[in-house]
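Position 1 is the first residue of the sequence, and the numbers go up from there. Only a predicted model underlies this, so the values are computations on that prediction, with no experimental measurement involved. We use all heavy atoms of the structure for the numbers below, so side chains are in, but hydrogens, waters and symmetry mates are not.
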Amino acid sequence: MKKSDQAYKTIGEVVKILDLKTRSGQKSSTHTIRYWEKEFKQIKPKILNGKRRYYNKDTIELLKKVKYLLKEEGMTINGVKKVLKGEESLELDEMANNSIKADNLRNKLVKISKIVKNLKNLK
């Protein structure tokens with residue numbers, strides 16, 4: 001029996017949804033999500049009997065964005081905090097298409113290429 005998308009998920013289920021893994025490639029324990037809860041005030045699971053955490057759809061989407069920005073975009077914790085505090089849209093599809101990191105990298109590569117060409121011309 002599968003839970004509906006609207007049902008609350010346990011922290012273990014969220015780890016599976018996010019496909020969090022350790023550096024060695026094994027499934028991650030729940031400590032990553034708990035750490036993100038401490039760092040990002042926007043992540044607020046329901047904590048019920050026995051201090052068990054339950055995550056709704058919106059919180060899971062926020063966790064997906066945090067994971068994407070940290071793991072895929074290579075942003076720092078402080079960088080992600082600034083993005084989450086901003087007024088801009090945070091749809092994952094938009095972030096992938098308008099990658100901040102990719103644009104900065106492209107601009108830096110163009111500048112480096114120009115410097116290399118200028119150095120070759122000096123010889």
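Side chains of Tyr55 and Glu37: a donor on one and an acceptor on the other come within 3.5 Å.
Taking CG of Leu63 as the reference point, atom NZ of Lys65 lies at 10.5 Å (rounded to 0.5 Å). The OG1 atom of Thr32 lies 5.5 Å from the CG atom of Leu20; values are rounded to the nearest 0.5 Å. Expressed to the nearest 0.5 Å, how far CD of Glu13 lies from OH of Tyr8 amounts to 14.0 Å. Atom CG of Leu18 sits about 7.5 Å away from atom NZ of Lys64, to the nearest 0.5 Å. With values rounded to the nearest 0.5 angstrom, Ile33 atom CD1 is found 11.0 Å from Thr59 atom OG1. Atom-to-atom distance recorded for Arg52:CZ and Lys46:NZ is 15.5 Å, nearest 0.5 angstrom.
Under a hydrophobic-cluster definition in which Ile, Leu, Val, Met, Phe, Trp and Tyr are linked whenever side-chain heavy atoms come within less than 4.5 Å, directly or via other members, Ile17 and Leu69 are assigned to the same cluster.
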Evaluate Val80 against Leu84 for side chain to side chain contact (heavy atoms under 4.5 Å, CB included), listing each step before the verdict. CA-CA 6 Å; Val80 175; Leu84 293 179; 4.0 Å; yes
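Among residues two or more places apart in sequence or in another chain, the side chain to side chain contact (heavy atoms under 4.5 Å, CB included) test is passed with Ile77 by Tyr35, Glu39, Phe40, Leu70, Lys81. Residues satisfying the side chain to side chain contact (heavy atoms under 4.5 Å, CB included) test with Val116, not counting sequence neighbours, are Ile112, Lys120.
Here the side chain of Lys9 pairs a donor or acceptor atom with the backbone of Ala7 at under 3.5 angstrom.
Taking the side chain as every heavy atom from C-beta outward, Leu48 and Arg53 never approach each other to under 4.5 Å.
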